[in-house]
Amino acid sequence: MGEYLTYYGMNQQRCGEIYQGLLNDTETAIQKSQLAARNEGKTEEEIEEIRTKYKTPDNGWQHITWSYLSMTDPVLALEKFDTNWSQVQKGDQANTYWYIHSMMQSGYKTEDIFATGDIAATVYYNKGTNKYTAMAWNPTDKEQSVTYYRDGKKTGTAYVNSHSLVRFEIPLRDDFVIRQAAAPQFTVKGFYDDSVQKNVQGRVTYDDNQYVEITCADSSAVIHYTVDGTVPTEESPVYTEPIMVSDNMVIKTYTCKEGYIDSGYTSLDITIQGTEITDSENVALGKPVAVSGEEGKTTLGSYITDGDEKTRWSSKFNDEQWCYVDLEEIYPINTVTINWQNSYAEEYEIQVSVDGEEWKTVAVVSNSQSGVKTTTFDAVYARYVKMQGVKRHTIYGYSIWEMEIYTAKEADPPQITVEELKNGKNRIRMSTTVKGALIKYTLDGTEPAEDSFSYTGPIEVGDAVISAVTYRKGMVLSKVTSQRVTERPPEITDVTETKQTEDVKGTEAVKSEKKTAVSRTKAKKVVVGRAKIKRIRRYQRGRKVKVYLRKLKGVRSYQIKISTSKKFKKKRTRTRYVRKTRFIMTGLKKKKTYYMKVRACVIRSGKRYFGK
């Protein structure tokens, strides 16, 4: 069907005639049906109902009819789709949406410019923008080229990476050459061990936390990424440093470079198995239940905690129905399992309360199905646990065989080790026995929480009170581990050695001691190069900027100051340190002027030295 539509996309007049013909034929059929009903003595109300229920191009087979409409009027087709998308057959919703948007952005298929090559390639023309868009699909294992011709003459060549579907605007000049940016690659390194896996893609499972590095063969390309499974765009974060993964995560990324076609998307779906977070006892078993209503005497609310999967609760027939379990005491809850009958909730919320009066939503479930549905969330203390219905799947109410509730395990506290350094400071290392967990810490003695700093490697401090907890999503936060450390004077490096000389007078030996001071070699002067800002790129309407620095040999970090004051007054200035020569500054305000300066920084014997 897609090829058939694409063929007709080259003949807009024919497409318009087909869609209008569908409208005309449908109207004729409706009128004939109404006439027959009037002759049969039907009421005017029944006759009018024929029109409202009759299948038309806009309420039947829309995945085909709106695609035809998009050939000549994609804006109208998209309006129809946005208003009535739920009427489209579910298996065709995504295809229809993609096709209409393709017609809106790219236009219709054209032969003004045609493509030749060993892979599938098509050219589209958009009248509104007067632009030609090329699409090419390379399913092979190596780079392929596509040659484009206009008026019988070669106009240019595009090179497409393996396993890539690309779209790009065709330059209206002769002999253009355009390549696709190199695709990003993932390297996964163990956080607590020395394991390294290169060129990882697809679905992978690990037992414990990992670091994910994203690289590109072209170091000048920009890498955009997301960590929530959404498709990255030019407004997505720019990769600058390894990503810590302690929970299930889907990373998607692509590279872009000026004058190049964007790379294809690469994705990494990571599962961290980690330590078990939930206890096995169902604390809801046999506990009291309250419900919004019951369908009848054989479908009582109390049946959802009786442990019998042959009995069920069935609610009244509307979307707002609910049920909750009284656990009779407060527990740390992190998992709710509901065994749905065929009359299930497509959308519902899990809510908790300590008093049965004020409720907090801890999970929102969408696109649910019948059968067993388990929902896990951050541990929360509660006595009452509710299923609050939002949308039914059927015209009936909600029907539940069993509702089970499980408590969260408490994480074991972390361990802190201290190494005294020669410069008087302390190197702090932290570890935990809980797999898939993060260590959250503070350095001022305050109690750490889920949003405190995450431990990512050894920390060097002077005077401090280190407090740390183990955090794993779904578990109860561990007890606090604390350690106080103090800064000491640096060790003295001058060495005094004793030299003995012996004078012999007859048979008597006389020993004398002579102290010789061995002084330390004079320290070399530390020279730091001058930093330079190469360029700054603004995006997200000025709220973020990406900064590119000149790389200096031997420099491991750069001090960045950004200010709304030209004189960099302290109250209007932010200071940060970065290790990369590409980084992002966020939190900027629109229509504000900002000033930035950068200094290279090196550390020698624990002391910072700055360049100009």
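For reference, positions follow the sequence shown, starting with 1.
Contact of the Val465 side chain with the Leu443 side chain is not registered, since no non-hydrogen atoms from C-beta on lie closer than 4.5 Å. By the 4.5 Å heavy-atom criterion applied to side chains, Ile428 and Thr417 are not counted as neighbours. A heavy-atom distance below 4.5 Å is not found between the side chains of Val245 and Tyr211. Residues Tyr124 and Thr122 meet the side-chain proximity criterion, which asks for heavy atoms closer than 4.5 Å. Within the 4.5 Å cutoff, side-chain heavy atoms of Arg576 are placed close to those of Phe583. Within the 4.5 Å cutoff, the side chain of Tyr159 has heavy atoms near those of the Val177 side chain. Looking at heavy atoms from C-beta onward, Phe176 lies out of side-chain contact with Asp174 at the 4.5 angstrom threshold. Taking 4.5 Å as the limit, some side-chain heavy atom of Phe186 sits within range of a side-chain heavy atom of Ile251.
Atoms NZ and CD, from Lys257 and Gln180 in turn, are 13.5 Å apart once rounded to the nearest 0.5 Å. In this structure, CZ in Phe453 is found 9.5 Å from CD1 in Ile459, a value given to the nearest 0.5 Å. In this structure, Leu477 CG and Arg472 CZ are separated by 13.5 Å, a value rounded to the nearest 0.5 Å. Taking CG of Asn426 as the start and OG1 of Thr486 as the end, the distance is 6.5 Å to the nearest 0.5 Å. Atoms CG and OG1, from Asn334 and Thr278 in turn, are 3.5 Å apart once rounded to the nearest 0.5 Å. Summarising the geometry, atom OH belonging to Tyr148 is positioned 11.0 Å from atom OG1 belonging to Thr155; distances are rounded to the nearest 0.5 Å.
Without hydrogens or angle criteria, Thr133 side chain to Phe168 main chain gives no donor-acceptor distance under 3.5 Å. The backbone N or O of Cys256 lies less than 3.5 Å from no partner atom in the side chain of Asp262, so there is not a single donor-acceptor pair. Side chain of Thr233 to main chain of Glu235: a donor-acceptor pair is present (N/O by atom type, distance under 3.5 Å, no hydrogens or angles). Counting only distance, with no hydrogens or angles, the side chain of Ser162 and the backbone of Lys142 share no donor-acceptor pair below 3.5 Å. Counting only distance, with no hydrogens or angles, the side chain of Thr481 and the backbone of Pro414 share a donor-acceptor pair below 3.5 Å. The closest donor-acceptor contact from the side chain of Asp412 to the backbone of Val434 lies at 3.5 Å or more, if one exists at all. Remark: side-chain polar atoms of Lys252 are paired, donor with acceptor, to backbone N or O of Gly229 under 3.5 angstrom. Distance alone, capped at 3.5 Å, places no donor-acceptor pair between the Ser164 side chain and the Val160 backbone. Within the 3.5 Å criterion, the main-chain N or O of Lys425 finds a donor-acceptor partner in the side chain of Arg488. Of the possible donor and acceptor atoms, one in the side chain of Gln210 sits under 3.5 Å from a partner among the backbone N and O of Asp208.
One side chain, His163 or Asp141, offers a donor N or O that lies under 3.5 Å from an acceptor on the other. Side chains of Tyr125 and Asn130: a donor-acceptor N/O pair is present below 3.5 angstrom, by distance only. Side-chain atoms of Ser431 and Gln415 include a donor-acceptor pair closer than 3.5 Å. In the model, Ser353 has no side-chain atom that pairs as donor or acceptor with a side-chain atom of Lys360 under 3.5 Å. Between the side chains of Ser467 and Ser482, at least one donor-acceptor pair of N or O atoms lies under 3.5 Å. With hydrogens and angles left out, the side-chain atoms of Thr240 and Lys580 include no donor and acceptor closer than 3.5 Å. Using modelled atom types, one finds no donor on one side chain facing an acceptor on the other under 3.5 Å when comparing Asn161 with Gln144. Side chains of Ser366 and Glu347: a donor-acceptor N/O pair is absent below 3.5 angstrom, by distance only. Between the side chains of Gln197 and Tyr206, at least one donor-acceptor pair of N or O atoms lies under 3.5 Å. In summary, the side chains of Ser454 and Lys440 do present a donor paired with an acceptor at a separation below 3.5 Å, with no hydrogens or angles considered. Defined by atom type and a distance below 3.5 Å, a donor-acceptor pair is missing between the side-chain atoms of Ser246 and Asn209.
No more than 12 heavy-atom neighbours from other residues, nucleotides or ligands sit within 6.0 angstrom of CZ on Arg530. At most 12 heavy atoms of other shown residues, nucleotides or ligands fall within 6.0 angstrom of atom OH in Tyr260. The neighbour count for Lys131 NZ, taken as heavy atoms of other residues, nucleotides or ligands under 6.0 Å away, does not exceed 12. For CD of Glu143, the number of neighbouring non-hydrogen atoms (other residues, nucleotides, ligands) closer than 6.0 Å is greater than 12. Summarising the local packing, CZ of Arg550 is surrounded by more than 12 heavy atoms from other residues, nucleotides or ligands at distances under 6.0 Å. In the displayed structure, Glu419 atom CD is contacted under 6.0 Å by more than 12 heavy atoms of other residues, nucleotides or ligands. At most 12 heavy atoms of other shown residues, nucleotides or ligands fall within 6.0 angstrom of atom NZ in Lys551.
Applying side chain to side chain contact (heavy atoms under 4.5 Å, CB included) to Thr253 and the options Val227, Thr266, Thr226 leaves one that passes, Thr266.
Nearest heavy atom pair, residue Ser452 against residue Thr442, reads OG-CG2, 4.1 Å. Smallest separation of non-hydrogen atoms from Trp137 and Pro139: O-CD, 3.3 Å. Across Ala468 and Met430, no two heavy atoms sit closer than the pair CB-SD, 4.0 Å. Minimum heavy-atom separation, Ser563 to Phe568: CB-CD2, 3.5 Å. Residues Met244 and Leu438 share a closest heavy-atom pair of CE-CD2, 3.3 Å. Minimum heavy-atom separation, Thr275 to Thr433: OG1-O, 4.2 Å.
The residues Glu213 and Lys189 are annotated as salt-bridged, a charged nitrogen and a carboxylate oxygen being separated by less than 4.0 angstrom. A salt bridge is absent between Lys473 and Asp378; no separation between the charged side-chain nitrogens and carboxylate oxygens falls under 4.0 Å. Salt bridge absent: Arg427 and Glu420 never bring a charged side-chain N and a carboxylate O closer than 4.0 Å.
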Quick one: side chains of residues 267-274, donor-acceptor pairs under 3.5 Å with protein atoms, not counting sequence neighbours, listed by atom name and distance.
none

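Using a 30° and 60° split on the angle between ring planes, His224 and Tyr254 fall in the parallel class, below 30°.
Remark: Arg599 qualifies as a cation-pi partner of Phe610 under the 6.0 Å distance and 45° angle criteria applied to the six-membered ring. By the 6.0 Å and 45° rule, Arg582 does not stack over the aromatic ring of Tyr548.
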Notebook entry, point to check: Can Glu276 and Lys409 be said to form a side-chain contact (heavy atoms from CB on, under 4.5 Å), step by step?
Noted result: CA-CA 8 Å; Glu276 179 59 49; Lys409 291 185 176 182; 4.1 Å; yes

Next item on the list: Give the C-alpha distance, both sets of side-chain angles, the deciding distance and a yes or no for side-chain contact (heavy atoms from CB on, under 4.5 Å) between Ile113 and Ile170.
Entry: CA-CA 9 Å; Ile113 300 176; Ile170 295 181; 4.1 Å; yes

Next item on the list: Mind running side-chain contact (heavy atoms from CB on, under 4.5 Å) on Leu78 and Leu76 for me, showing each step along the way?
Entry: CA-CA 5 Å; Leu78 187 59; Leu76 179 58; over 6 Å; no

